[in-house]
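What follows is a single structure, written as structure tokens, with notes after it.
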Amino acid sequence: MTFFSNTTMKKYNQMLLAGCLSTALLLSGCEKFLDKPLENQQRSEEINYGNVQLMYAPVSGVYRAASDDNLVHWVDLSIRAIRDDDYQQAAPNPNDNPELMAIKNFQNDVTIQSYWGLNQSWISYYSLAISANNALLELEQFAERIDPANTELQGLNRQYQAEVRFLRAYAHLMVSRLFGDVPILSDSGDIARLTTIGKSTRAEVRQWIVEEMDFCAANLENKRPNQSIHIGAVTRYSALLLKAKAAADLAGNDNGSAQWDVVLDATNEIINSNMFSLYADFYELWKVPGKLSNESLFELQYSDFGLPTGDIVRPGVDWGTFFRWQGPSGDQRGSAISGAGWIPPSQNIVDFLTARGDETRLKTTILSYGVGDQPAVTPSGDRIYANSFGIKYFNGKAYLPASQMTEGRLEYGANNNVRILRYADVLLLNAEAKVRKGQNGDEPFRLIRERVNMPAITGVTLDQILDERRAEFACEWWGERFNDLVRTGRAAQVFGSRFVPGVSESVPIPQTQIDANPNFR
């Protein structure tokens with residue numbers, strides 16, 4: 001549950017409104033956000049910070065902010081995904097959102113800079129950072145009232161700070177991967193400086209994340225997320241993986257970079273903990289049986305609590321939009337397996353997986369529409385009918401079979417979690433770091449392929465690891481494929497003349513934000 005002091009809420013509101021200085025549409029969107037009740041509780045005017053039973057409340061609130069619009073807003077999902085060559089187009093009808101197609105084609109012009117969706121993405125990520133900063137203010141209030149001699153409670157307070165700082169750092173990784181050079185909102189003082197703060201380079205953002213994760217790893221639980229006292233909370237190993245990802249971005253394609261030592265050390269520690277393993281069934285990993293498996297290092301949690309109707313997780317919030325946005329469009333004849341049909345997989349990724357003989361990943365990641373009146377049938381037995389736009393595929397990683405849905409539920413994807421960080425990334429980054437350092441990366445690479453019934457490779461190369469990353473993370477929603485192409489300098493090779501090195505790696509900072517702060521130019 002989330003509890004904010006009146007002073008903190010005023011600062012929070014002020015910051016969010018500062019991010020909504022643009023059109024009536026965006027202002028309306030922010031007003032709706034501000035009007036939402038916090039964790040179904042009335043806002044407290046006074047908090048008893050001496051009551052340590054309430055100390056996790058602000059932490060819970062930041063997780064909830066992440067699982068609301070801050071990490072899974074449909075337009076942000078679309079912007080993140082559309083730059084990958086794993087996706088064909090934005091909408092079933094490409095004319096429905098020409099700005100997203102312009103982003104796909106790296107047309108960073110004035111139209112894109114004024115696109116409301118780009119501003120929404122900026123607001124989403126920084127809203128999460130602001131939520132985290134305010135939660136840290138609350139945790140400081142609790143810490144001041146804990147007896148210094150009570151090392152257990154002092155340590156618990158630091159653990160909660162670390163959870164919040166992890167979420168804040170993840171928001172910064174995402175916003176920098178999208179926009180490039182961005183401000184770091186690292187303390188409460190930044191709230192008042194929103195319109196004057198300067199940008200940090202993308203390298204500075206990554207270095208800050210690495211340093212933040214040192215604090216987080218030192219203070220988080222030495223457990224898997226599914227072992228945490230707060231089930232699903234990030235732990236020491238979540239922080240180590242985020243550190244490795246930031247360090248890999250810093251290293252880029254330089255095999256001699258010391259950052260590969262950081263990647264190797266962090267991933268080795270996760271592997272050597274012997275706490276994590278790949279979920280045996282790749283197809284079911286993305287469905288109810290795979291929720292918070294031993295592969296999970298961070299996922300957003302949702303539940304319908306086994307009830308047939310009602311939005312239990314948060315009244316008034318369409319929490320299934322993330323899944324329904326990617327569900328099969330068209331007349332699905334009353335089936336719950338239906339959605340908006342946006343960001344359909346491309347023929348490119350289908351051909352890539354097919355040519356590899358990657359059958360398990362292909363059947364998991366790519367699901368087909370029917371043709372004419374003849375439906376296609378999913379591996380779980382659901383019938384999928386054709387759509388009027390001739391789109392062939394939809395994302396199987398966002399698909400939850402009707403047989404796994406709570407009886408009476410009609411929301412596509414209801415009761416499923418959104419996977420963010422998983423052990424497969426640890427193994428592949430470990431293999432990459434080893435090969436870049438002249439070591440043998442065969443063993444972590446073997447485990448990845450073995451899970452999907454692919455043969456082992458001896459003397460694995462960097463090219464093979466990068467291909468495996470594409471196959472493993474195909475059509476996932478965090479932009480790993482595009483980021484891998486950028487950090488390895490291969491984007492121009494894949495996208496051709498549309499991609500201009502030094503320009504196309506990021507989208508422009510929204511004009512709304514530049515108008516509010518000229519330092520963002």
Side-chain angles (χ1 to χ4, degrees), residues 1-13 15 36-68 70-71 127-171 185-191 212-239 242 292 297-303 313-314:
M1 293 181 291
T2 308
F3 294 84
F4 294 102
S5 69
N6 194 41
T7 300
T8 300
M9 278 307 304
K10 286 180 180 178
K11 289 181 179 179
Y12 185 38
N13 293 356
M15 180 63 175
K36 290 175 183 175
L38 298 172
E39 285 289 292
N40 308 330
Q41 299 290 324
Q42 292 183 346
R43 295 184 178 120
S44 300
E45 294 297 321
E46 298 294 336
I47 304 297
N48 178 8
Y49 292 109
N51 183 357
V52 294
Q53 298 300 317
L54 300 177
M55 192 162 62
Y56 197 69
V59 186
S60 175
V62 182
Y63 281 113
R64 181 49 47 81
S67 63
D68 195 353
N70 294 159
L71 289 182
S127 291
L128 182 55
I130 297 159
S131 294
N133 284 339
N134 281 295
L136 290 170
L137 288 175
E138 301 293 325
L139 289 171
E140 287 176 12
Q141 294 285 336
F142 283 105
E144 289 173 2
R145 291 160 175 81
I146 297 174
D147 185 341
N150 192 332
T151 56
E152 181 178 355
L153 279 181
Q154 291 284 357
L156 190 60
N157 185 273
R158 288 193 299 274
Q159 175 192 317
Y160 292 170
Q161 290 181 47
E163 289 185 49
V164 170
R165 286 168 68 167
F166 173 94
L167 294 167
R168 182 179 65 181
Y170 185 79
L185 294 180
S186 59
D187 57 62
S188 58
D190 285 336
I191 295 175
E212 280 288 284
M213 291 309 98
D214 286 338
F215 170 85
C216 292
N219 289 284
L220 287 168
E221 293 175 282
N222 190 34
K223 298 177 179 178
R224 290 190 306 268
N226 63 12
Q227 295 173 317
S228 171
I229 188 172
H230 300 105
I231 299 297
V234 295
T235 68
R236 173 179 178 82
Y237 303 102
S238 313
L242 185 53
L292 286 179
L297 282 97
F298 177 36
E299 61 189 66
L300 300 178
Q301 300 182 72
Y302 302 88
S303 178
V313 173
R314 183 195 278 262

*asked:* Per the side-chain hydrogen bond (donor to acceptor under 3.5 Å, both in side chains) rule, what does the pair list look like for residues 144-155, sequence neighbours excluded?
replied: Q141-R145

*Between L139 and V59, is any pair of side-chain heavy atoms under 4.5 Å apart?*
yes

*asked:* Quick one, Q227 and T235 - any side-chain contact, counting heavy atoms below 4.5 Å?
replied: no

For [X], give me all partners under side chain to side chain donor-acceptor pair (under 3.5 Å), at least two apart in sequence or on another chain.
X: N48; answer: none
X: N226; answer: R224, N294
X: Y237; answer: N222
X: R165; answer: E212

Output yes when a side-chain donor or acceptor of [X] lies under 3.5 Å from a complementary backbone atom of [Y], and no otherwise.
X: S67; Y: L300; result: no
X: N157; Y: L153; result: no
X: E299; Y: L292; result: yes
X: S60; Y: A57; result: no
X: N133; Y: L185; result: yes

*Output all residues satisfying side-chain contact (heavy atoms from CB on, under 4.5 Å) with A171, sequence neighbours left out; order by chain, then residue number.*
L128

*Quick one: side-chain contact (heavy atoms from CB on, under 4.5 Å) partners of A217, sequence neighbours excluded?*
R236, A239, L240

*Will you find, in the side chains of Y63 and Q301, an N or O donor that is under 3.5 Å from an N or O acceptor?*
no

*Taking the six-membered ring for Trp, are Y160 and F142 ring centroids under 6.0 Å apart?*
no

